[in-house]
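The next block holds one structure in the form of structure tokens; read it before the comments.
As a basis for the values below, the full set of heavy atoms in this structure was taken, side chains included, without hydrogen atoms, waters or symmetry mates. Note that the coordinates shown come from a computational prediction; the quantities given were computed from them, not determined experimentally. Here is the naming used below: chain letters follow the sequence lines, and residue numbers restart at 1 for every chain.
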Amino acid sequence: MGKKRKHSETNAVEPTKKDDNTIEERPKRTLLGWKDKPEVKETDAPGVFRNKEKVLVTCSRRINFRYRHLMLNVVSLLPHCKKDNKVESKSSKGATLNELVELKSCSSCLFFECRKHKDLYLWMAKSPNGPSVKFLVNAVHTMEELKLTGNHLKGSRPLLTFSANFDNNAHWKLIKEMIVQIFGTPKEHRKSKPYYDHVFAFSIVDDHVWFRNYQITVPHNESDKVARGGLDKMTLVEVGPRFCLNPIKIFGGSFGGPTLYENPFYVSPNQIRALEKRQKAGKYAKKVKAKTRRKMHQLANPLEPDEYADMWKE
Amino acid sequence: MGKPNREPALFDEDKIEDEEMSDLNEEVSESESEPEPELDSEEDEDGDVKLAEPSKKAVYNREGLEEKLQDISWPEDVGWIHKLSIDINQEQEVDVNDDLKREASFYTQALEGTRLAFEKLQSMGLPFLRPADYYAEMVKTDVHMEKVKRRLLAEQKEIEEAEERKKAREAKKLSKEIQAQKTKERAKQKKEDIESVKKWRKQRQQSGFAGDVNDGDLSLAFEDGKSFERSNKRRPGVAPGDRSGGKARQSGGKFKKGMDKKRKGKEFKNSKFGFGGRKGMKKQNTADTTDAVGGFNKGGVAGNKKRKR
């Protein structure tokens with residue numbers, strides 16, 4: 001039903017736009033990609049901007065339950081997303097994912113990739129030709145945890161708050177723009193609700209992006225009187241989920257393309273584990289080595305014969 | 001409210017990394033002395049990457065990034081209402097491993113952002129929070145929220161109970177102290193009483209017994225050995241001739257409690273009404289029976305007095 005309505009809308013809008021463009025643009029379906037946004041801006045400058053963002057959310061096969069729950073939480077937070085079946089996490093997953101995104105007519109993608117049942121990577125990609133970012137996800141808490149006591153409307157548009165250090169570097173700027181587009185619910189989306197009762201906090205601490213989701217509350221019976229002095233009574237209650245994103249790489253294309261950025265401080269969890277293991281192995285080797293060294297030492301400089309050795313034998 | 005204590009578990013990973021870092025460094029220093037060049041040189045690099053210096057190979061294509069940003073970003077004149085994004089300046093750097101401070105900084109960032117957004121929305125005349133009578137699907141189900149509520153209540157109850165226990169413990173301690181003080185006071189009182197009685201007696205002795213005859217007799221009673229005679233008074237539950245005063249049987253009877261109980265009534269009756277064991281002892285004369293002249297009372301012996309009553 002929604003699809004139908006969209007068609008009618010586009011039909012309604014298009015005649016007002018330039019007519020010569022429409023025939024070209026329809027079959028490509030890349031209208032949603034922001035690549036040709038500047039054109040749109042030129043054509044309808046008086047503010048007919050319409051955010052038609054759609055996010056495909058999927059995960060890899062053999063994903064952990066915890067990470068799957070995290071994905072489902074994200075799905076519940078984004079009314080403008082489409083959830084799809086799990087995708088095999090192979091080297092060719094980029095192509096399949098691109099195809100899938102196109103098939104679902106989405107403009108961006110969140111792909112939760114779980115490796116070895118313990119490491120979670122998050123791909124954030126703008127679909128047709130936008131960039132994509134690969135994150136390592138740390139410190140995951142899902143919404144199901146009972147300590148996170150907040151609750152909010154499903155589908156209300158979130159306020160997005162960013163710490164100021166997002167504007168310091170080019171790659172952070174890019175990541176911020178992608179987050180705004182992917183996590184922000186489009187205005188007047190049909191599944192969205194017209195109130196604002198939760199806020200996302202994205203903050204860069206220690207070169208990681210930390211995500212928090214809070215519910216906005218005011219004391220009882222005052223929600224309609226927020227205007228008068230309710231501002232300082234406003235409090236936040238955490239809803240969840242929580243996670244921490246460590247950017248690994250930024251690619252030029254979606255799920256591939258030239259590398260634009262590489263985190264110089266990044267060490268993969270595999271390497272960390274390997275190191276740990278090697279260290280444990282090293283312990284035994286060291287012990288053996290010490291033993292042999294001792295033996296060699298003893299052989300090399302033998303004790304002088306004890307002059308009193310036979311003293312009590314006589 | 002209990003948020004911080006959850007954090008440490010979370011940040012184990014970071015800590016582990018740190019530990020690894022230090023370990024790494026150790027290994028590196030060791031490796032210099034040890035003849036294993038290929039392995040350790042590799043580790044060397046890793047340690048450096050993680051710690052201070054960024055790796056040299058890392059790509060950073062600023063132009064490419066900026067171009068991409070241009071590509072994907074929305075037109076400049078897009079209204080704020082489409083983005084709803086707010087930048088908040090953090091006052092100071094936050095220590096990542098200090099969970100409380102970090103969470104607080106996130107919270108304040110979100111709160112400040114909310115206030116700014118609220119002002120903006122207010123100026124646009126848009127509704128902010130949902131009205132109280134607007135019911136719609138929530139992110140968390142009612143079942144889940146019920147669980148959350150129950151947990152909160154349980155937590156609160158636990159705290160209260162702990163407090164109560166603490167209070168009880170303290171009260172007990174206090175009462176013990178009070179009790180000790182009381183007994184001390186009582187002992188003191190008793191001592192004082194005795195002292196005063198002694199004083200009074202001394203005074204009387206000094207003043208030369210100005211009181212009545214009974215008093216004189218009382219003091220005499222101890223002198224003529226009468227106090228050592230066997231009292232005629234029978235105690236209930238104690239057979240006559242039982243020198244232990246019934247205690248021997250009690251200790252003996254410990255092993256056969258059932259029988260003891262049954263016998264109690266009988267014994268009591270015996271002690272009261274007769275059949276108190278062997279008659280031999282009773283029928284023998286003792287010193288006092290020979291002295292006794294039937295029913296004649298010699299003087300104000302304490303025991304006799306009681307009997308009169």
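- Contact count versus chain B (heavy atoms, under 4.5 Å) is highest, among A:Pro131, A:Ser76, A:Ala201, A:Gly184, for A:Pro131.
- Proximity of the aromatic rings of B:Phe128 and A:Tyr195 is defined here by a centroid distance below 6.0 angstrom, and this criterion is not met.
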Could you walk me through whether A:Glu238 and B:Tyr107 pass the side chain to side chain contact (heavy atoms under 4.5 Å, CB included) test, one step at a time?
CA-CA 9 Å; A:Glu238 185 159 4; B:Tyr107 181 86; over 6 Å; no
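- Looking at A:Lys147, its side chain never comes within 3.5 Å of a backbone N or O of B:Val148 through a donor-acceptor pair.
- Contact of the B:Tyr60 side chain with the A:Leu260 side chain is not registered, since no non-hydrogen atoms from C-beta on lie closer than 4.5 Å.
- B:Gln109 and A:Thr161 are linked by a side-chain donor-acceptor pair at a separation below 3.5 angstrom, with hydrogens and angles left out of the test.
- At least one side-chain heavy atom of A:Ile250 sits less than 4.5 Å from a side-chain heavy atom of B:Leu65.
- The shortest distance between side-chain heavy atoms of B:Asp77 and A:Phe49 does not fall below 4.5 Å.
- Taking the six-membered ring for Trp and thresholds of 30 and 60 degrees, A:Trp210 and B:Phe106 have ring planes inclined between 30 and 60 degrees apart.
- Within the 4.5 Å cutoff, side-chain heavy atoms of B:His144 are placed close to those of A:Leu146.
- In terms of heavy-atom pairs under 4.5 angstrom with chain B, the leader among A:His198, A:Gln215, A:Lys193 is A:Lys193.
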Walk me through whether A:Lys176 and B:Asp87 qualify under salt bridge (charged side-chain N to carboxylate O under 4.0 Å, His left out).
CA-CA 11 Å; A:Lys176 179 184 171 187; B:Asp87 297 343; 2.9 Å; yes
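- At a threshold of 4.0 Å, the pair A:Arg242-B:Glu103 counts as salt-bridged, since one of the basic side-chain nitrogens sits closer than that to a carboxylate oxygen.
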